[in-house]
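Heads up: the structure comes next, in structure tokens.
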Amino acid sequence: MIDLRLHNTLSGRKETFVPADPQHVTVYVCGPTVYDYVHIGNGRPAVVFDVLIRLLERHYSKVTYVSNITDIDDKITAAAAANNEPISDLAERFSAAYVDDMTTLGVRPPDIVPKATHHIDEIIAMIEQLIAQQHAYVSADHVLFHVPSDPLYGSLSKRSLEDMIDGARVDVADYKRDAKDFVLWKPSSQDQPGWDSPWGRGRPGWHIECSAMIKKHLGDSIDIHGGGSDLTFPHHENEAAQSRCANESKDYVRYWLHNGMLTLGSEKMSKSVGNVRTVHGLAEQHSGEVLRYALLSGQYRSNLSWSDELLAQARASLDSLYQTLRDNPADTLITSLDFADASAALDPENVVNALADDLNTPQALAGLHELANQLRKASSPQAAEQARNRLLAGGWLLGFLHQQPEEYFTTSTSATEASISNADIDAIIQARQDARKNGDYQLADDLRNELAAAGIELEDSREGTRWRRL
């Protein structure tokens, strides 16, 4: 069994991971609110926890992974009104776009992807339970959670009262019994989405949605809850309070994991600041594998500075790995995907040990390059096969090396690169070869320069001429 250590936000330290049930690990990660294309920062938790799930699946017999989509929110309502389209249409469109973006980043679909609007009955039932337990109350057509009723409130974020109010970024309404109380259910006007409830037509607050979905799909207690560090307060603090009280259990989440933010310069990347880089837009210029490598190049709990330089470094690193596979081919065509169902015994120790140390992906990436170096230096076909298999198994754990090398180097990733097709490149290479055979070396050089100007690099070898897009 793997000796996995994870930094638990609740305790503030690394802890050895011990699931409640050794035969079944349960994981929930907060997903997006779908009112626009998601930015690359939204992709970070999806990629980070995809790596964690891959690692867990190698060492536990069953892992259930749930990640939600918030499809009811005031931002969605406002965006739909601005577009003059039904709220459900906008939410469905950007839900599909999110799935496409995560596929681009190599993120495998979670086992369950619940949507808030599909769980209204469960949300209402949990609110009714909290009212009956005197943890919630009705006031001015709202239902609010009464924070002082939960003695453990604040234990996750460790904030003072003043910080809590500031972090919530809301005015203290006169219908609240306590300034920290937060909304479980709020009334809806005729132009807002709403559902019938014991408290009138309305819609749920954000925090109760995750509590209800977790309870339905994973039970009263789960092993791991993940999300961005910006969700620690108020979202996760409030969610934990609701679930502890409704489920009458202190053991709601055993391990809280939070990833750091992406920054552009000194500012956090966010739509409110207006400095976002969407996955959809970045994918027009960079492959999803390059974007994923860049996201994993920093330790997940630290903030990561997003830049063109970071992307260039990611591309160069992937080029090196794929070039090693290109120069040292196997007898049969294999990729890291062939190791998806392989035994954990095939996993390379240097990659696994790095990931087991609180998902140290920078060290795990260094481990991949160590394996590539071993493949380059292999002294026999048998040693080369072992090194290649370890490299591909490590690549699968991190979500890389799933393409054939030729495909990786020749696939277009931008409109500029697409201006010259693979067929055109092959034709020019053939013309260059003909020119060299005829002794017309000036023409051959001109054709090589023509390809170089189009971003195509040639490599002449004993096996012939190979090419790659830069």
| Derivation of the salt bridge (charged side-chain N to carboxylate O under 4.0 Å, His left out) call for D111 and K62 | CA-CA 11 Å; D111 299 300; K62 182 178 180 181; over 6 Å; no
| Please walk me through it: do T411 and R469 pass side-chain contact (heavy atoms from CB on, under 4.5 Å)? | CA-CA 7 Å; T411 298; R469 295 185 185 271; over 6 Å; no
| message | One pair to check against side-chain contact (heavy atoms from CB on, under 4.5 Å): W396 and T335. What are the steps and the verdict? | response | CA-CA 9 Å; W396 182 86; T335 70; over 6 Å; no
| message | Evaluate I214 against V253 for side-chain contact (heavy atoms from CB on, under 4.5 Å), listing each step before the verdict. | response | CA-CA 10 Å; I214 287 175; V253 172; 5.9 Å; no
| So R54 and L355, side-chain contact (heavy atoms from CB on, under 4.5 Å) or not? Walk me through it. | CA-CA 10 Å; R54 290 169 186 252; L355 295 179; over 6 Å; no
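When the options D327, T410, D460 are evaluated for a side-chain hydrogen bond (donor to acceptor under 3.5 Å, both in side chains) with R466, the one that passes is D327. For the side-chain contact (heavy atoms from CB on, under 4.5 Å) with I428, the qualifying choice from L451, I456, L458 is L451, the only one to do so.
Using a 4.0 Å cut-off between charged nitrogen and carboxylate oxygen, K180 and D150 do not count as a salt-bridge pair. With salt bridges taken as basic N to acidic carboxylate O contacts below 4.0 Å, one links E57 and R108. Contact check on E237 versus R159 returns no salt bridge, with no Lys/Arg side-chain nitrogen under 4.0 Å from an Asp/Glu carboxylate oxygen. Taking a cutoff of 4.0 Å between a charged side-chain nitrogen and a carboxylate oxygen, K14 and D357 qualify as a salt bridge. Of the charged side-chain nitrogens involved, at least one lies within less than 4.0 Å of a carboxylate oxygen, so that R254 and D223 count as a salt-bridged pair. Taking a cutoff of 4.0 Å between a charged side-chain nitrogen and a carboxylate oxygen, D308 and R277 do not qualify as a salt bridge.
With a 6.0 Å radius and a threshold of 12 heavy atoms from other residues, nucleotides or ligands, E85 has its CD atom above the threshold. Dense packing is recorded around CG of N449, with more than 12 heavy atoms of other residues, nucleotides or ligands lying under 6.0 Å away. A 6.0 Å sphere centred on CG of D341 holds no more than 12 heavy atoms belonging to other residues, nucleotides or ligands.
The shortest distance between side-chain heavy atoms of L52 and V29 does not fall below 4.5 Å. No side-chain heavy atom of Q299 sits under 4.5 Å from any side-chain heavy atom of H7. Between Q403 and S287, every side-chain heavy-atom pair lies at or beyond the 4.5 Å cut-off. Using a 4.5 Å heavy-atom cutoff, the side chains of V113 and V99 are not in contact. Side-chain contact between S317 and L365 is absent, with no heavy atoms from C-beta onward closer than 4.5 Å. In this structure the side chain of L311 never reaches within 4.5 angstrom of the side chain of Q285, judged on heavy atoms.
Side chains of R5 and N360: no donor on one and acceptor on the other come within 3.5 Å. For the residue pair S211 and S243, a side-chain donor N or O sits within less than 3.5 Å of a side-chain acceptor on the partner. Side chains of D426 and W467: a donor on one and an acceptor on the other come within 3.5 Å.
Between E122 and H119, the shortest heavy-atom distance links the atoms OE1-CA, 3.1 Å. Taking both residues in full, the closest heavy atoms of S336 and L392 are given as CB-O, 3.1 Å, listed atom of the first, atom of the second, then distance. Nearest heavy-atom pair, P362 versus S297, reported as atom, atom and distance to 0.1 Å: CG-O, 3.4 Å. Taking all atoms of both residues into account, the shortest heavy-atom contact from P204 to I123 is CB-CG2, 3.8 Å. Of all non-hydrogen atoms in D3 and A356, the two that sit nearest each other are O-CB, 3.6 Å. Taking every heavy atom of both residues into account, A378 and A383 meet most closely at CB-C, 3.9 Å.
To the nearest 0.5 Å, atoms NE2 (H369) and OG (S320) are separated by 6.0 Å. For the atom pair OG of S67 and CZ of F49, the computed distance is 9.5 Å after rounding to the nearest 0.5 Å. Rounding to the nearest 0.5 Å places CD of E457 at 9.0 Å from CZ of F409. The distance from the CD1 atom of I222 to the CG atom of D220 is 11.0 Å, given to the nearest 0.5 Å. Interatomic distance, CG of L401 versus CD of Q404, reported as 11.0 Å (0.5 Å rounding). For the atom pair N328 CG and Q374 CD, the distance stands at 12.5 Å (nearest 0.5 Å).
Checking side-chain atoms of N68 against main-chain N and O of P114 turns up no donor-acceptor pair under 3.5 Å. Using modelled atom types, one side-chain atom of T77 and one backbone atom of D73 make a donor-acceptor pair closer than 3.5 Å. The closest donor-acceptor contact from the side chain of N303 to the backbone of G260 lies at 3.5 Å or more, if one exists at all. With hydrogens and angles disregarded, no donor-acceptor distance shorter than 3.5 Å links the side chain of T104 to the backbone of G288.
Identified under the ring pair (Phe, Tyr, Trp, His ring centres under 6.0 Å) test for residues 294-347, with sequence neighbours left out: Y322-Y408. Sequence neighbours left out, the pairs with a member in residues 289-304 that pass salt bridge (charged side-chain N to carboxylate O under 4.0 Å, His left out) are D50-R292, R301-D358.
Using the six-membered ring where Trp is involved, H236 and H258 have ring planes that are tilted, between 30° and 60° apart. Ring geometry for Y293 versus F400: interplanar angle of 30 to 60°, hence tilted. Note: W256 and H225 have parallel aromatic rings, judged against thresholds of 30 and 60 degrees for the angle between ring planes.
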